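Have a look at the structure below before the remarks.
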Number of protein chains: 2
Amino acid sequence: MQITSKFTVAVHILTCIDIFGGQMRVTSDFLSGSTGVNAVIVRNVLGQLRAAGIVETRQGSGGAHLAKALDEITLYDIYKAVDCVDDEGLFHFHENPNADCPVGRNIHKAMDGRLAAAQAALENELKSTTLAQVVADTRRIIDEE
Amino acid sequence: MQITSKFTVAVHILTCIDIFGGQMRVTSDFLSGSTGVNAVIVRNVLGQLRAAGIVETRQGSGGAHLAKALDEITLYDIYKAVDCVDDEGLFHFHENPNADCPVGRNIHKAMDGRLAAAQAALENELKSTTLAQVVADTRRIIDEE
DNA sequence: GAAAGTTGAAACACAAAACGTTACAACTTT
DNA sequence: AAAGTTGTAACGTTTTGTGTTTCAACTTTC
């Protein structure tokens with residue numbers, strides 16, 4: 001089980017938009033080249049980021065731009081934007097526990113709060129990290145090459 | 001994306017073993033009935049829990065038993081036992097970033113530590129919860145019915 | 001020691017999800 | 001008008017999770 005690569009691809013895309021955006025038009029084709037991901041998938045991810053108010057794109061003209069300051073975009077925003085987890089939550093209960101068994105009909109309730117706390121711990125960590133930090137690290141690593 | 005239901009099923013199974021183990025033989029067939037999960041799957045999960053030293057089972061005789069005290073089994077132990085995540089980690093990088101692009105060849109390094117921190121936050125929360133707590137909650141909910 | 005019930009494990013089947021691919025209409029700029 | 005780009009739908013492929021069938025090995029009971 002792994003969280004969809006669309007999440008890390010989205011971070012990659014946003015980092016490219018910031019780093020290359022000043023010098024050139026950052027098209028889905030260019031992003032496909034940098035990420036190694038199919039251009040249509042890139043456009044799908046950009047569409048999700050646009051729906052979340054993170055980037056701006058326009059038909060025809062080409063070139064994506066950030067819609068917010070780097071330090072106003074958290075990894076959690078991106079994680080939510082690309083739908084890493086659905087409404088059911090990160091953990092998954094089996095559908096058919098036996099309602100005639102006292103454990104079967106209550107185990108869900110007994111675990112729910114604790115699993116939600118674990119999921120919240122993950123998400124809080126993502127909320128505390130901004131794209132500004134990731135981009136700064138990326139620039140530093142590039143400069144040190 | 002969701003963490004495999006084998007995890008919550010394993011917790012369900014262990015809870016049953018504790019609650020019903022005193023009165024009856026808790027076989028894979030019985031556990032299949034309570035969880036709604038196929039008996040072969042139950043035996044697979046029991047096999048993983050046995051490999052992790054959490055339960056004891058024996059061919060022929062039937063009936064699973066806990067190999068440790070309830071408060072010595074954390075949700076993290078179970079999560080690891082049933083292989084919720086592989087060695088690559090919870091997050092997933094795309095395979096083919098472009099090594100000719102400065103972002104492409106460095107983004108992995110720039111994100112790694114932060115993603116590991118997020119995963120660790122989740123796992124630490126699971127480590128802080130024991131099966132004893134889940135079973136106690138389950139018994140309380142049953143008593144209140 | 002034979003019968004019945006159980007576990008362990010392999011092999012195959014099926015469904016859902018992730019990701020890739022093709023195709024094309026709508027749009028913008030030159 | 002032409003060239004390049006985005007948005008989106010439709011379909012294909014691969015992987016993974018889960019279910020199913022089958023059977024050998026083992027234990028207990030009769």
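Fair warning: this is a prediction, and the values are worked out from it, not measured in the lab.
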Pairing nucleotide - C/dT30, Watson-Crick or G-U, each distance under 3.5 Å
D/dA1

Base-contact (B) and sugar-phosphate-only (S) positions in nucleotides 11-20 of chain D, heavy-atom cut-off under 4.0 Å, - elsewhere
------SSBB

Reading nucleotides 1-6 of chain C from the 5' end, what letters show protein touch, with B for base, S for backbone sugar-phosphate only, - for no heavy atom under 4.0 Å?
----BB

Can you tell if the side chain of [X] reaches within under 4.5 Å of the side chain of [Y], non-hydrogen atoms only?
X: B/Asp137; Y: A/Arg114; answer: yes
X: B/Ile78; Y: B/Leu75; answer: yes
X: A/Val9; Y: A/Ile41; answer: no
X: A/Leu31; Y: A/Leu46; answer: yes
X: A/Ile3; Y: B/His92; answer: no

Distance-only side-chain donor-acceptor flag, A/Thr74 / A/Asp77, under 3.5 Å
yes

Output the rounded distance in Å from [atom1] ([X]) to [atom2] ([N]).
X: A/Glu56; N: D/dG7; atom1: CD; atom2: C1'; value: 17 Å
X: A/Leu31; N: D/dG7; atom1: CG; atom2: P; value: 12 Å
X: A/Ile17; N: D/dT6; atom1: CD1; atom2: C1'; value: 14 Å

